[in-house]
Amino acid sequence: MDSTVDELSAAYKEFVAAAVAVMEARELSGGQKTASTDAALESFKQRWELFRVACDHAEELVESIRQRIGSECLVDEATGSSSSPSAPASAALAAPGIKPISAVRLEQMSKAVRWLVIELQHGAGGPSAAGPGGGGGLATPAAGAGGQHVNGGIDSRFPEDGTQ
């Protein structure tokens with residue numbers, strides 16, 4: 001993270017220096033277009049692009065960290081574990097009667113949902129993709145890899161889903 005901040009800071013300083021160089025070149029040329037003003041403008045454009053790239057890298061880092069924190073919070077909420085001592089009590093109050101699930105099970109369920117979303121985005125599971133029986137059973141993309149199917153809303157990979 002420090003390297004990203006350093007990269008962004010350096011790119012910003014170079015961008016500002018290039019802007020100052022453009023202003024100075026224009027002042028020296030009396031506002032006329034000259035080779036030095038053109039060169040200063042070209043340098044300014046390059047520094048602007050480098051600054052934008054550095055901003056994009058910083059944004060990607062922030063988004064990555066945001067997603068990781070969100071995932072960790074979701075796992076903590078679902079498993080009932082947390083780094084703060086008061087969080088389990090508050091989690092129990094927020095969802096009384098709901099047992100925590102394991103992080104492994106949460107991960108499996110998350111993957112299953114992702115596969116279903118991908119399948120739905122590709123048009124499978126709709127009326128045009130229904131099988132010969134009219135769409136009673138829906139095979140997930142994970143089924144292609146693991147041979148598992150979702151039938152009647154119950155995913156065979158999660159046997160306890162049938163009892164809930």
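Note that these values count all heavy atoms, side chains included, but never hydrogens, waters or copies made by symmetry. Because the structure is a prediction, the values reported are computed rather than measured.
Other residues, nucleotides and ligands contribute more than 12 heavy atoms inside 6.0 Å of the CD atom of Glu49.
For Ala11 against Ala54, the heavy-atom pair with the smallest separation is CB-CB, 3.8 Å. Nearest heavy-atom pair, Ser29 versus Thr34, reported as atom, atom and distance to 0.1 Å: CB-CG2, 3.7 Å. Here the closest heavy-atom approach between residue Ala25 and residue Ala40 is recorded as CB-CB, 4.0 Å.
The shortest side-chain heavy-atom distance between Val117 and Arg114 does not fall under the 4.5 Å cut-off. In this structure, Leu8 and His57 have side chains that are not in contact, with every pair of non-hydrogen atoms separated by 4.5 Å or more.
Leu50 and Phe44 fall into different hydrophobic clusters, defined by Ile, Leu, Val, Met, Phe, Trp and Tyr side-chain heavy atoms under 4.5 Å apart, directly or through other members.
Glu63 meets the side-chain hydrogen bond (donor to acceptor under 3.5 Å, both in side chains) test with Arg66, Gln67; sequence neighbours excluded.
Atoms CG and CG, on Leu61 and Asp56 in that order, are 12.5 Å from each other to the nearest 0.5 Å. Leu41 CG to Lys33 NZ: the interatomic distance, rounded to the nearest 0.5 Å, is 8.5 Å. With rounding to the nearest 0.5 Å, the separation of OG in Ser64 from CE in Met1 is 11.0 Å. Between the OG atom in Ser36 and the CD atom in Glu24 there is a gap of 11.0 Å [rounded to 0.5 Å]. Separation of atoms CH2 (Trp115) and OG (Ser110) is listed at 12.5 Å; rounding is to 0.5 Å. Of the inter-residue distances, the one linking Arg47 atom CZ with Tyr12 atom OH reads 15.5 Å to the nearest 0.5 angstrom.
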